[in-house]
Asks: 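Okay, here's the structure, questions in a sec.
Residue numbering restarts at 1 for every chain, and letters A, B, ... go by the order of the sequence lines.
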Protein chains: 2
Amino acid sequence: MNIPQPALLQQVKERLHAEGGRLTEQRRLIVEVLENHPDHPTAEQIYLRARESDETLHLSTVYRTLRWLEEEGFISPRWFEDERRQERFDMGMEGSQDHHHFRCRECNQIIEFSEPLVEQIKAIFMAQYGGKVDNATLILYGVCEKCRAG
Amino acid sequence: MNIPQPALLQQVKERLHAEGGRLTEQRRLIVEVLENHPDHPTAEQIYLRARESDETLHLSTVYRTLRWLEEEGFISPRWFEDERRQERFDMGMEGSQDHHHFRCRECNQIIEFSEPLVEQIKAIFMAQYGGKVDNATLILYGVCEKCRAG
DNA sequence: CTTAGTGCAAACCATTTGCATCTCG
DNA sequence: CGAGATGCAAATGGTTTGCACTAAG
């Protein structure tokens, strides 16, 4: 299939080393899956994909690794309204610019986009209400072009 | 943009009548709690407040009523990132204009605000990616003025 | 060797559902 | 009286955790 990109894996390796953590086979696999499938998978989807390479991998290990990646700022969890309690994982890295999401309620596709007006909204809010806004999540819901046409 | 709304209870009464539903004591209580506490309570908070007037009220009844109110467009569920799985209920009525939220991560206060730029973002997205955007949820996270000062 | 990490099973917990009973209209 | 609601208990399902064992460095 796809040749794994060393970008995320390399960063993870370095962070683990700095913290006295260990790059296990399981973690390597999970990170590879994330790199090769930037389509906001659920924990279970990551689990199933990684299991194709390691039959013994357990879902709880996937969760533990995802939580660690989240704490380290490598990924972000996302929730979409039609999926109430299920979380999806976003490769967005620490320090990278905010990006936002459109979710098609027919094909469930997620489109990422950046939108400078959101910065402006933060500024307007702060001017009006005081306080400090650190980050913003914006999700648009609708029907994508393809589903409208089809 | 303030369109005076008849009290929620009155609207609920009419809708129930139109559908052959019944205005039970439990539903009346739950709707009253929602009207008197527009602070985005959780199901359990609504339950506890309503129970002060009716010891026998059960949490499942609260959930069933909330789901009905949601289907009828009287309230909307909202999720905030630091509470992963818990939902909060928003009195926003059907047909009322989109409103958005700021959440203080110290005092957990929620501030509602409207922001016309969001309409503009929807239009920009549609122009760029095609498709149709129906609605948008925007949540700002940060520290409110009071908590910053304190 | 040492201890971080894993597999597994059990726990968690907000929410949902099946069913016998009650009650609103 | 009869359909619609409720109380209760049990189920659900994504996520988390305790523990004994395994393996990375």
Asks: B:Arg67 side chain N/O closer than 4.0 Å to the phosphate oxygens (OP1, OP2) of C:dT16?
Replies: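 Indeed, a polar side-chain atom of B:Arg67 lies that close.
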Asks: So, does B:Thr61 get its side chain near the phosphate of D:dG7, meaning an N or O under 4.0 Å from OP1 or OP2?
Replies: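 Checking D:dG7 against B:Thr61, a side-chain N or O does come within under 4.0 Å of OP1 or OP2.
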Asks: Has the side chain of B:Gln10 got a donor or acceptor atom that lies under 3.5 Å from a matching backbone atom of B:Ala7?
Replies: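 No, the answer is negative, given that no donor and acceptor are paired below the 3.5 Å cut-off.
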Asks: Between A:Asp134 and A:Lys132, is there a salt bridge with N-O shorter than 4.0 Å?
Replies: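 Looking at A:Lys132 and A:Asp134, the cut-off is met.
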Asks: With a 4.0 Å cut-off on heavy atoms, is A:Thr56 in touch with a base, just the backbone sugar-phosphate, or nothing at all?
Replies: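 Sugar-phosphate, backbone atoms only, no base.
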Asks: Of all the choices, C:dG5, D:dG14, C:dG7, which nucleotide is nearest to the side chain of B:Arg85 once you look at every atom?
Replies: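 The closest nucleotide is D:dG14.
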Asks: Tell me whether the rings of A:His100 and A:Phe113 are parallel (<30°), tilted (30 to 60°) or perpendicular (>60°).
Replies: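 Ring orientation, 0 to 90° scale: tilted.
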Asks: Expressed as a whole number of angstroms, how long is the span from B:Arg28:CZ to D:dT6:P?
Replies: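 Checked: the CZ to P distance equals 13 Å.
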Asks: Could you state the atom-to-atom distance from CZ of A:Arg88 to C1' of D:dG14 in whole Å?
Replies: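 Rounded to the whole Å, the gap is 13 Å.
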Asks: Is the backbone of B:Leu117 close enough, under 3.5 Å, to the side chain of B:Glu115 for a donor and an acceptor to pair up by distance?
Replies: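 Flag set: sc B:Glu115 to bb B:Leu117 pair under 3.5 Å.
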Asks: Is the phosphate of C:dT6 approached by A:Thr24 (side-chain N or O, under 4.0 Å from OP1 or OP2)?
Replies: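 Answer yes for this pair, as a side-chain N or O of A:Thr24 is under 4.0 Å from OP1 or OP2.
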Asks: When you match A:Arg64 and B:Asp54 each to their closest nucleotide on DNA chain D, which lands nearer the 5' end?
Replies: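 The residue closer to the strand's 5' end, by nearest nucleotide, is B:Asp54.
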Asks: Nearest-nucleotide wise, let me know which of B:Tyr63 and B:Arg22 is further upstream toward the 5' end of DNA chain C.
Replies: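 That would be B:Tyr63.
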Asks: Closest-nucleotide mapping onto DNA chain D: is B:Gly20 or B:Leu59 further toward the 5' terminus? I mean the 5' end.
Replies: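 Whichever sits nearer the 5' end wins; that is B:Gly20.
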Asks: Which whole-number value in Å describes the distance from A:Ile46 CD1 to D:dG14 P?
Replies: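 Taking atom P of D:dG14 as the reference, CD1 of A:Ile46 is at 14 Å.
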Asks: Below 4.0 angstrom, N of the basic side chain to O of the carboxylate: do B:Lys122 and B:Glu119 qualify?
Replies: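 Salt bridge: yes.
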Asks: Between B:His58 and A:Leu23, name the one whose nearest nucleotide on DNA chain C is closer to the 5' end.
Replies: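 It is A:Leu23, whose closest nucleotide lies nearer the 5' terminus.
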Asks: Measuring to OP1 and OP2 of C:dT23, would you say a side-chain N or O of B:Gln26 lies under 4.0 angstrom away?
Replies: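 Checking C:dT23 against B:Gln26, no side-chain N or O comes under 4.0 Å of OP1 or OP2.
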Asks: In whole angstrom, give the distance that lies between atom CD of A:Gln45 and atom P of D:dG14.
Replies: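 After rounding, the reported distance stands at 11 Å.
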Asks: What does B:Glu87 touch in the nucleic acid at a heavy-atom separation under 4.0 angstrom: a base, only the sugar-phosphate, or nothing?
Replies: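 Sugar-phosphate, no base atom in range.
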Asks: May I have the distance from A:Leu48 (atom CG) to D:dG14 (atom P), rounded to whole angstrom?
Replies: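 Rounded to whole Å, this separation is 12 Å.
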Asks: Could you tell me how far apart B:Leu16 (CG) and D:dA3 (C1') are, to the nearest whole angstrom?
Replies: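 In whole Å, D:dA3 C1' and B:Leu16 CG are 14 Å from each other.
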Asks: Which whole-number value in Å describes the distance from B:Glu25 CD to C:dC24 P?
Replies: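 My rounded result for the distance is 8 Å.
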Asks: Can you tell me the distance, in whole Å, between the CD atom of B:Glu19 and the P atom of C:dG25?
Replies: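 Whole-Å distance recorded here is 14 Å.
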